[in-house]
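Below, all heavy atoms of this structure are taken into account, side chains as well, without hydrogens, waters or symmetry copies. All residue numbers in this chain count up from 1 along the given sequence.
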Amino acid sequence: MGEEEQNICLLEEQLPQPSPTRTKSSKKLSLLPLIFLIYFEVAGGPYGEESAVGAAGPLFALLGFLIFPFIWSIPEALVTAELATTFPGNGGFVIWAHQAFGPFWGSLMGSWKFLSGVINLASYPVLCIDYLKLVFPVFSSGFPHYFAILISTLLLSFLNYTGLAIVGYTAVTLGVFSLFPFLLLTLFSLPKIDPGRWISLGQKGVEKNWTLFFNTLFWNLNFWDNASTLAGEVEQPQSTFPKALFSAGFLTCLAYLIPLLAATGAMPLDQENWVDGYFADAAEIIAGKWLKICIEIGACLSIIGLYQAQLSSCAYQILGMTDLGLLPKVFGARSIWFHTPWVGILLSTILALMVSYMNFSNIISCVNFLYSLGMLLEFASFLWLRKKSPTMKRPFKVPMLELPGLVLMCLIPSVFLVYVMAVATKTVYVVSVVLTCFGIFWYFFMNLCRSKMWFQFKNGEKSNYEDSD
């Protein structure tokens, strides 16, 4: 080989390579499964919105689920659509913070979001067993209760291991069957609806609980960015992701508003009964016990979908962080048979099992706090990348807005994030500081492992994405 040919080969080796997060597997996510995975990341059905009525009355609950998507969900979805199509690799928000501010902030974003995701993941098998024990009282307490949590967690994780395409179409099936009881609830409610009940401000003597009201809206219309960690597994992500996000947004809003209109319009208001799970009781009042059972079964199916979507997000986030060089190569191992990130699935499952046997109500609040920190960093990454790399090719770009308008778009939800953090308890602040310090320690520990060559790392420091006119 001549000297000129050797120089060409060396030059080719130094050029930025295609993103390692893009899998060569032919079994990629198409539009429909991605829509339902995003739907389960965000909502999973009307379950959980009942507390908004109990906190503020029917009118404010309906207005909240009608207006809040415009001030929170749509900005988050727009940011996700632009960044996920600009950086179409596994890791999502970790890549965005890494590209904007460097590996430290990418790693810290990963720590915040992963801790949030794993603890949310831990709650789903527990909720599923809580529904099953209504039918099988043996699961109420003791060894059968904990054993059921263990077995359900392992079975659900194995389903995730069998492949993202299978998980995606499972999400479609679960979505259809979990929403079908609410379609029946709506149909049986129609003859009984009194529109005057929709404008009720609540019962006299029942105080408004605005903290509960806003928290209910926040957690029922959140996590639009979670599916971004799967971008490397999506067919033609530049065109598929925006379509999936906005289709899932439309489905989510309908799935919240229509059952809420039906139930509040068909029954006299008994505000203190409107707590989580009240839709099942409302179904029994409106149509009979059979529909209550259907909604309880639908809740179990929804929880399975929520678990699958959250576990996929956590596992592929680990894969993305490995490809960026933030975690050792071993964390990015894929299954030979299914090409799924089995180490990420195993790690997420083990941590979820550890948390599921603990009393973690305060920890959940801390994770909400950490999620808010992550979202503030995500908005900052979005704005800084627009300023830092204005000529970068963006297959989807937030329409009709330049940088000042984008700042305003991000400012409104950011104010709400600050409010959520401001009303946190001292315990939440302390635990959040400890977990954040752990995330900082982890970053420097990984740097130590790299410098001492204790583990092998991918070279993720160079950007795989270049500016283009």
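Looking only at side-chain heavy atoms (C-beta outward), M409 and V398 come within less than 4.5 Å of each other. The shortest side-chain heavy-atom distance between V42 and N222 does not fall under the 4.5 Å cut-off. Between E233 and Y316 the shortest side-chain heavy-atom distance falls below 4.5 Å. Under the 4.5 Å side-chain criterion, counting only non-hydrogen atoms from C-beta, M392 is not in contact with R386. No side-chain heavy atom of L78 sits less than 4.5 Å from a side-chain heavy atom of L245. Residues E378 and T80 form a side-chain contact, since some pair of their non-hydrogen atoms from C-beta on lies under 4.5 Å apart. Between F101 and W96 the shortest side-chain heavy-atom distance does not fall below 4.5 Å. With a 4.5 Å cut-off on side-chain heavy atoms, L383 and C410 count as touching.
At most 12 non-hydrogen atoms from other residues, nucleotides or ligands lie less than 6.0 angstrom from CZ of F250. Counted within 6.0 Å of CZ on F246, heavy atoms from surrounding residues, nucleotides or ligands total more than 12; the atom is thus considered enclosed. Heavy-atom neighbours of L448 CG from other residues, nucleotides or ligands within 6.0 Å: above the threshold of 12.
When all heavy atoms of Y39 and A248 are compared, the closest pair comes out as N-CB, 4.1 Å. Across A52 and F213, no two heavy atoms sit closer than the pair O-CD1, 3.8 Å. Heavy atoms only, all atoms of each residue included: T240 and E235 are closest at OG1-O, 2.6 Å. Nearest heavy atoms, L31 versus A244: CD1-N, 3.6 Å. Closest of all the heavy-atom pairs between M109 and G374 is CE-O, 3.3 Å. When all heavy atoms are compared, the tightest approach of P69 to C253 is CG-SG, 3.9 Å.
S178 places no side-chain N or O within donor-acceptor distance of the main-chain N or O of A299, the cut-off being under 3.5 Å. Between the side chain of W454 and the main chain of R450, no donor-acceptor pair closer than 3.5 Å is present. Looking at S247, its side chain does come within 3.5 Å of a backbone N or O of K243 through a donor-acceptor pair. Although no hydrogens or angles enter the test, the distance criterion places a donor-acceptor pair under 3.5 Å between the side chain of Q317 and the main chain of G110. The backbone N or O of G298 sits nowhere less than 3.5 Å from a side-chain atom of S302 that would complete a donor-acceptor pair. Between the side chain of S313 and the backbone N or O of N226 there is at least one donor-acceptor pair closer than 3.5 Å. At distances below 3.5 Å, not a single donor-acceptor pair connects side-chain atoms of W342 with backbone N or O atoms of H339. Listed for the S348 side chain is no donor-acceptor partner under 3.5 Å among the backbone atoms of I345. Side chain of Q238 to main chain of T86: no donor-acceptor pair is present (N/O by atom type, distance under 3.5 Å, no hydrogens or angles). Side-chain N or O atoms of E76 include none that pairs as donor or acceptor with a backbone N or O of I74 at under 3.5 Å.
The ring of Y419 has its center no closer than 6.0 angstrom to the ring center of F218. For F338 and Y161, the gap between ring centers is short of 6.0 Å. Aromatic pair Y307/F40: ring centres not closer than 6.0 Å.
By the 30° and 60° cut-offs, the orientation of the rings of F438 relative to F441 is tilted. Ring pair F379/W72 is perpendicular by interplanar angle, where above 60° counts as perpendicular and below 30° as parallel. Ring orientation note: the planes of F416 and F68 are nearly perpendicular, at an angle over 60° on the 30°/60° scale. The aromatic rings of F444 and F104 sit tilted relative to each other, their planes meeting at an angle between 30° and 60°. The aromatic rings of F455 and F457 lie perpendicular to each other, with more than 60° between the two planes, well past the 30° mark.
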Determine all donor-acceptor pairs shorter than 3.5 Å in which one atom belongs to a side chain in residues 165-176; sequence neighbours excluded.
residue : atom : partner : partner atom : Å
Y169    : OH   : S30     : OG           : 3.3
T170    : OG1  : I166    : O            : 2.7
T173    : OG1  : Y169    : O            : 3.1

Show which side-chain atoms of residues 324-333 pair as donor or acceptor with protein atoms under 3.5 Å away, not counting sequence neighbours.
none

Go through the steps to decide whether T229 and N90 satisfy the test side chain to side chain donor-acceptor pair (under 3.5 Å), and finish with yes or no.
-> CA-CA 5 Å; T229 63; N90 296 323; over 6 Å; no
Working for side chain to side chain donor-acceptor pair (under 3.5 Å), residues W442 and S107 | CA-CA 8 Å; W442 182 261; S107 178; 5.5 Å; no
Do E402 and K397 pass the salt bridge (charged side-chain N to carboxylate O under 4.0 Å, His left out) test, and can you show the C-alpha distance, the side-chain angles, and the key distance before you say yes or no?
-> CA-CA 10 Å; E402 296 303 324; K397 192 173 183 180; 5.3 Å; no
Could you walk me through whether L37 and L230 pass the side-chain contact (heavy atoms from CB on, under 4.5 Å) check?
-> CA-CA 10 Å; L37 279 174; L230 313 175; 4.1 Å; yes
Verdict with supporting geometry, T425 and V428, side-chain contact (heavy atoms from CB on, under 4.5 Å) = CA-CA 5 Å; T425 63; V428 169; 3.3 Å; yes
For S157 and T349, what are the C-alpha separation, side-chain angles and deciding distance, and is it a side chain to side chain donor-acceptor pair (under 3.5 Å)?
-> CA-CA 7 Å; S157 293; T349 301; 2.8 Å; yes
Checking side-chain contact (heavy atoms from CB on, under 4.5 Å) for the pair F87/L83: CA distance, chi angles, key distance, verdict?
-> CA-CA 6 Å; F87 307 102; L83 293 178; 4.1 Å; yes
Given T340 and N160, is the side chain to side chain donor-acceptor pair (under 3.5 Å) satisfied, shown in steps?
-> CA-CA 8 Å; T340 45; N160 205 277; over 6 Å; no
Are L319 and R334 close enough, and set up right, to give a side-chain contact (heavy atoms from CB on, under 4.5 Å), and what steps lead you there?
-> CA-CA 9 Å; L319 183 63; R334 285 184 183 259; 3.1 Å; yes
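Separating the CZ atom in F180 from the CG atom in L301 is a distance of 13.0 Å, to the nearest 0.5 Å. Separation of atoms CG (L159) and CG (L311) is listed at 9.5 Å; rounding is to 0.5 Å. With values rounded to the nearest 0.5 angstrom, L346 atom CG is found 9.5 Å from L351 atom CG. Once rounded to the nearest 0.5 Å, the distance linking OG of S432 with CG of L373 reads 7.0 Å. Annotation: the span from I119 atom CD1 to S123 atom OG amounts to 9.5 Å, rounded to 0.5 Å. Considering SG of C300 and CD of E296, their distance stands at 8.0 Å, rounded to 0.5 Å.
In this structure, the ring pair (Phe, Tyr, Trp, His ring centres under 6.0 Å) partners of F223, at least two apart in sequence or on a different chain, are W219, Y371.
Checked by atom type, the side-chain pair N220/Y256 shows a donor-acceptor distance below 3.5 Å.
Under 4.0 Å is where a charged nitrogen must lie from a carboxylate oxygen, and between E82 and R394 at least one such pair does.
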